[in-house]
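Both counts, for ligands and for their atoms, begin at 1 and track the order of listing. Keep in mind that what you see is a predicted model, and the values were worked out from it rather than measured. Nothing fancy with the numbering, it's 1 onward along the sequence.
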Amino acid sequence: MSSEPLNSRTAAVIPAAGRGVRLGPGAPKALRALNGTPMLVHAVRAMARARAVSLVVVVAPPDGATEVRTLLSGWLLPETLDGVEVVVVPGGDTRQDSVRLGLAALPDDIGTVLVHDAARPLVPVETVDAVAAAVRDGAPAVVPALPVADTVKQVAAAAETGGPEPVVGTPDRSLLRAVQTPQGFARGTLAAAHEQIAREGEGATDDAGMVERLGVPVVVVPGHEEAFKVTRPLDLVLAEAVLARRRITDGF
Ligand SMILES: Nc1ccn([C@@H]2O[C@H](COP(=O)(O)OP(=O)(O)OP(=O)(O)O)[C@@H](O)[C@H]2O)c(=O)n1
Ligand SMILES: C[C@](O)(CO)[C@H](O)COP(=O)(O)O
């Protein structure tokens with residue numbers, strides 16, 4: 001069982017401080033529009049719609065917190081947020097730093113934390129609810145994930161030759177999962193994982209990976225195809241197509 005008090009609240013931390021280098025030149029990725037609405041606004045709405053979430057901490061580019069605050073106050077009218085509070089703090093040089101800075105902004109009564117990439121703006125609310133429920137049911141760390149569709153090859157550590165890379169193995173695909181966000185945590189577990197990683201000076205590309213290094217169990221719940229990460233230009237095309245379909249089928 002989780003050691004979090006039963007009456008504690010759930011917050012979502014949204015790291016949104018990345019540049020979006022792989023997306024190509026332009027504004028920071030989280031501020032770029034999808035069908036006219038900034039990606040970050042979609043992401044905040046996705047978190048605020050979740051039953052459990054009562055606070056959203058947006059981690060803005062290090063020098064962009066004021067701009068992001070202004071942008072969000074224009075897009076997110078309080079009456080559309082159903083009482084969910086939105087706070088903006090400046091981020092850091094890496095995703096890991098940004099999440100740590102977001103965690104530092106949480107009030108004491110937050111016991112469950114969902115960490116969600118601004119770059120996954122279209123995650124369905126059912127996925128967010130499932131992650132939050134699994135944490136509140138006692139799992140200290142929960143990741144949504146999908147089976148891997150491609151066969152995956154492991155290659156040798158980068159050679160300097162620039163020639164073809166030698167394959168050293170083919171992991172059993174049925175045991176692999178592609179993980180998404182939001183990843184959900186008992187707050188104490190996530191804070192301890194970030195503290196350990198910062199002390200050891202190591203890096204990790206996701207928060208659950210840090211928790212694994214603590215030796216704390218991480219569990220997987222089903223992810224969703226629409227929770228994909230907008231990383232490269234083609235992902236923008238897919239995201240806008242999903243939004244256009246939602247407008248027809250769901251009316252938003
Ligand atoms: N210093 C950073 C770097 C990344 N992120 C956030 O982490 C999430 C996942 O990162 P990714 O998709 O890799 O975004 P970028 O770092 O912006 O992309 P790229 O690597 O292409 O520059 C994004 O919401 C991004 O804004 C962050 O908050 N702070
Ligand atoms: C957290 C994450 O989205 C899980 O898939 C991913 O690890 C972020 O990685 P990136 O290198 O910042 O794209």
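For the pair Arg49 and Asp82, the salt-bridge criterion is not met [side-chain N within less than 4.0 Å of a carboxylate O]. Using a cut-off of 4.0 Å between Lys/Arg side-chain N and Asp/Glu carboxylate O, Glu226 and Arg246 are scored as salt-bridged. Arg213 and Glu202 are joined by a salt bridge, as a carboxylate oxygen and a charged side-chain nitrogen come within less than 4.0 angstrom of each other.
Nearest protein heavy-atom neighbour of atom 8 (C) of ligand 1: Asp117 OD1, 3.4 Å. For atom 28 (O) of ligand 1, the nearest non-hydrogen atom of the protein is Ala17 N, 2.9 Å. With respect to atom 1 (N) of ligand 1, the closest heavy atom belonging to the protein is Gly92 O, 2.9 Å. For atom 25 (C) of ligand 1, the closest heavy atom belonging to the protein is Gly18 N, 3.6 Å. With respect to atom 19 (P) of ligand 1, the closest heavy atom belonging to the protein is Val21 N, 3.5 Å. Closest to atom 14 (O) of ligand 1 among all protein heavy atoms lies Lys29 NZ, 3.3 Å. Pro15 O, 3.5 Å is the protein heavy atom nearest to atom 6 (C) of ligand 1. Atom 17 (O) of ligand 1 has its closest protein heavy atom at Gly20 N, 2.8 Å. Annotation: atom 8 (C) of ligand 2 to nearest protein heavy atom, Thr205 O, 3.6 Å.
Taken to the nearest 0.5 Å, the CG atom of Leu101 stands 10.0 Å off from the NE2 atom of His194.
Remark: distances from the non-hydrogen atoms of Gly91 to ligand 1 are all 4.0 Å or more. The closest approach between any non-hydrogen atom of Val59 and ligand 1 is not below 4.0 Å. Not close to ligand 1: Thr231, with no non-hydrogen atom less than 4.0 angstrom away.
Under a 4.0 Å criterion applied to the non-hydrogen atoms of Lys229, ligand 2 contributes the atoms 3 (O), 8 (C), 10 (P), 13 (O). For ligand 2, the atoms lying closer than 4.0 Å to a non-hydrogen atom of Asp117 are 1 (C), 2 (C), 3 (O). Close approach to Arg19 involves these atoms of ligand 1, each under 4.0 Å from a residue heavy atom: 17 (O). Of all atoms in ligand 2, listed by their number and element, those nearer than 4.0 Å to a heavy atom of Asp206 are 1 (C), 7 (O). Atoms of ligand 2 found under 4.0 Å from any heavy atom of Arg95, numbered from 1 in the order shown, are 1 (C).
The environment of CD in Glu165 is sparse: at most 12 heavy-atom neighbours from other residues, nucleotides or ligands sit within 6.0 Å.
In the candidate list Val179, Thr231, Asp207, Val179 is nearest to atom 5 (O) of ligand 2, counting heavy atoms. When the options Arg95, Arg22, Met39 are ranked by their closest heavy atom to atom 21 (O) of ligand 1, first place goes to Arg22.
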Leu76 and Arg45: side chain to side chain contact (heavy atoms under 4.5 Å, CB included), yes or no, with the steps? CA-CA 8 Å; Leu76 300 168; Arg45 285 180 180 152; 3.8 Å; yes

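In Arg22, the part holding a heavy atom less than 4.0 Å from any atom of ligand 2 is the side chain.
Here the options are Val87, Leu71, Val13, Val44, the test is side-chain contact (heavy atoms from CB on, under 4.5 Å), and the partner is Val58; only Val44 passes.
In terms of polar-atom proximity, defined here as any N/O pair under 3.5 Å, Leu23 makes no such contact with ligand 1.
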